[in-house]
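Reviewing the structure listed below.
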Amino acid sequence: MAPFYISAPGKVILFGEHAAVYGKPALAAALSLRAYLLATETNDDSLRLEFPDIQLSHSWKLSELPWENAQAHIERKNGKPVPTDELNPEVINLIGEFLGDIESTAHYTTCLCFLYLYLHLCDPLVASRSFCIRSTLPIGAGLGSSASAAVCLTSTLALLGGHIRSPQYSEKQRVSSENPDAEFIDSWSLMGEKCFHGNPSGIDNAVATHGGAVMYQRMLAPDMPSVRTAMRNFPPLELLLTNTKVPRSTAELVGGVAKVNTRHPKTAGSILDAVSHLATDAYHIMSHPSFAAEDRESLRQLVNINHGLLVALGVSHPALEKIKMIGDTNRIGATKLTGAGGGGCAITLLNDEVSHEVLEKVENEFTQEGFETFEATLGGKGVGALFCDNDSDPEVFSVERFVNFSRREDIKNALEIDGWKYW
Ligand SMILES: Nc1ncnc2c1ncn2[C@@H]1O[C@H](COP(=O)(O)OP(=O)(O)OP(=O)(O)O)[C@@H](O)[C@H]1O
Ligand SMILES: C[C@@](O)(CCO)CC(=O)[O-]
Ligand SMILES: [Mg+2]
């Protein structure tokens, strides 16, 4: 199969992060920053991962991977592998011996995610390949980078394994609003997210798959499907996205909230219920056909309340509080952490008519603190593919060039081109 790209967006959680893990509703929107995966055939008996964004280059001999042994433990329905509530322990054990030489947690979880999805979705008869991922998203910053990577890996391996068709078929199906291939990608990328952080709600991979903006609610009963409500009239929001650049792990932060919930169940329960109410209120406000100034003011109020509740759960960070303090001092709007917190990004819902001078002053203060602000739009496309055909510029599909891009804008300029098709 000729080289091809898969791309999936990151996300911004507007309301409801962490509460989403406990089955409360949360609102999130696709971000215009994305992950891109280039799949190319190699002429040796290997599967090669080139993930320069996390300084990972790793390969396995295709013939040595336990594909056959794994099949005995994989449930299939109509020939397709069935996702499970928990990671399949037998398959995890089989993978374990192929990860022994990997020390860093980020490398380990990424290789675990790849091998878990490969053994379930791909087919060893697929020629040996190289898989390279690059992101215009900041990694580990609360913008869904793990989910966008998981959706890229899932879509690539499911396409190679014959479990989904290329997206031009889905474009025809969209008329019937059925999109089995996108649902397959969504459900299997959740398995990928489980490799990254154990107990994901599914909101990140849902947005990375389907794009747009959603109210999402995980159902806690096993086998109960989550509820994803597309927000069709997503209102234009003036948002500032600021990265503290403080590294952190979603797995650890989600684990920290679980400890609070175990030690103080009633208190934590009241906090999570309050987040549930504000997320539901925000959904109704954002769904108003005539989204007006008082609606924007109500949303900013809910942003401040949501941030306070996340502080109470212990997932803020002094750098996030610094962003909030600078923003509040200059009255630019309402600021909250987004994603798992503990560092990473904050979003500010800007006040109406904030002057350019004030915004420039604030952004200079952020820069002096070592923070990075992002221009980004919300509500864009979900997972898509770009195939190399006779009319394609071979340079676009050069692994060498793709691996060596050193700036986000180089990736963006090279790949925001015509020809992409979306599931
Ligand atoms: N471009 C990439 N290449 C390889 N691995 C990646 C890439 N982007 C993300 N990852 C994997 O995802 C991990 C970061 O996931 P994590 O869930 O901690 O942060 P996030 O997804 O950016 O934030 P949040 O989950 O709060 O939205 C990285 O350590 C790495 O293992
Ligand atoms: C913190 C969390 O709510 C969002 C992470 O982006 C975890 C999840 O919902 O999977
Ligand atoms: Mg993540």
Side-chain angles (χ1 to χ4, degrees), residues 7-28 31 33-38 49-58 102 104-114 131-153 189-190 192-208 214 216-218 226 243-258 272 275 279 306 310 313-315 317 320 337-347 402-403 405 408 411:
S7 174
K11 99 305 173 194
V12 164
I13 294 186
L14 298 163
F15 299 97
E17 50 274 276
H18 285 292
V21 174
Y22 297 89
K24 310 300 184 185
L27 304 187
L31 194 55
L33 304 173
R34 300 177 71 91
Y36 299 86
L37 185 153
L38 174 58
L49 303 185
E50 293 295 349
F51 295 160
D53 295 341
I54 60 167
Q55 298 78 46
L56 171 64
S57 175
H58 197 85
I102 296 174
S104 110
T105 307
H107 292 179
Y108 186 91
T109 51
T110 304
C111 289
L112 173 68
C113 176
F114 173 80
F131 303 86
C132 175
I133 297 182
R134 299 306 308 271
S135 270
T136 53
L137 283 159
I139 314 293
L143 300 181
S145 69
S146 66
S148 57
V151 167
C152 287
L153 288 169
S189 55
L190 176 59
E193 274 279 85
K194 289 177 193 283
C195 295
F196 283 122
H197 86 69
N199 186 20
S201 66
I203 189 169
D204 293 9
N205 53 284
V207 174
V214 293
Y216 179 91
Q217 187 160 8
R218 174 190 199 177
S226 59
N243 187 4
T244 62
K245 293 192 186 175
V246 172
R248 83 299 176 271
S249 149
T250 297
E252 286 169 19
L253 287 146
V254 168
V257 172
L272 296 173
V275 176
N306 196 165
L310 289 164
L313 287 174
V315 293
H317 182 280
L320 289 165
L337 68 90
T338 186
C345 288
I347 53 172
F402 185 58
V403 166
F405 279 136
R408 288 192 186 105
I411 301 170

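For clarity, every value in this text was computed on a predicted model and none was experimentally measured. We count ligands from 1, going down the list as the structure has it; atoms in each ligand are counted the same way.
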Quiz prompt | Nearest protein heavy atom with distance in Å, relative to atom 17 (O) of ligand 1 | solution = Thr250 OG1, 3.0 Å
Quiz item: Looking at the Mg ion (ligand 3), is one of the N, O or S atoms of Ser146 less than 2.8 Å from it?
Solution: yes
Quiz prompt | Contact check: Gly144 vs ligand 1, nitrogen or oxygen atoms, below 3.5 angstrom | solution = yes
Practice problem: Record the part of Thr109 in heavy-atom contact with ligand 1 below 4.0 Å; permitted values are side chain, backbone, both and neither. | Solution: side chain
Quiz item: Of all the atoms in ligand 1, which lie at a distance below 4.0 Å from a heavy atom belonging to Gly142?
Solution: 22 (O), 23 (O), 24 (P), 26 (O), 27 (O)
Quiz item: Within the structure, does His197 bring an N/O atom to less than 3.5 angstrom of an N/O atom in ligand 1?
Solution: no
Quiz item: Taking heavy atoms and a distance under 4.0 Å, where does Glu17 meet ligand 1: side chain, backbone, both or neither?
Solution: neither
Quiz item: Is the closest heavy-atom distance from Arg218 to ligand 2 below 4.0 Å?
Solution: no
Practice problem: Decide whether an N or O pair under 3.5 Å exists between Ser249 and ligand 1. | Solution: no
Quiz item: So which bit of Ala251 gets within less than 4.0 Å of ligand 1, heavy atoms only: side chain, backbone, both or neither?
Solution: neither
Quiz item: Any non-hydrogen atom of His107 lying under 4.0 Å from ligand 1?
Solution: no
Quiz item: What do you reckon, does Glu193 put a non-hydrogen atom under 4.0 Å from ligand 2?
Solution: no
Practice problem: Pick whichever of Ile13, Val257, Leu313 has a heavy atom sitting closest to atom 4 (C) of ligand 2. | Solution: Ile13
Practice problem: Please say whether Ala141 places an N or O atom under 3.5 Å from an N or O atom belonging to ligand 1. | Solution: yes
Exercise. Indicate, as side chain, backbone, both or neither, the part of Asp204 found under 4.0 angstrom from ligand 1 when only non-hydrogen atoms are considered.
Key: side chain
Quiz item: When you measure from the side chain of Arg134 to the backbone N and O of Pro52, does any donor-acceptor pair fall under 3.5 Å?
Solution: no
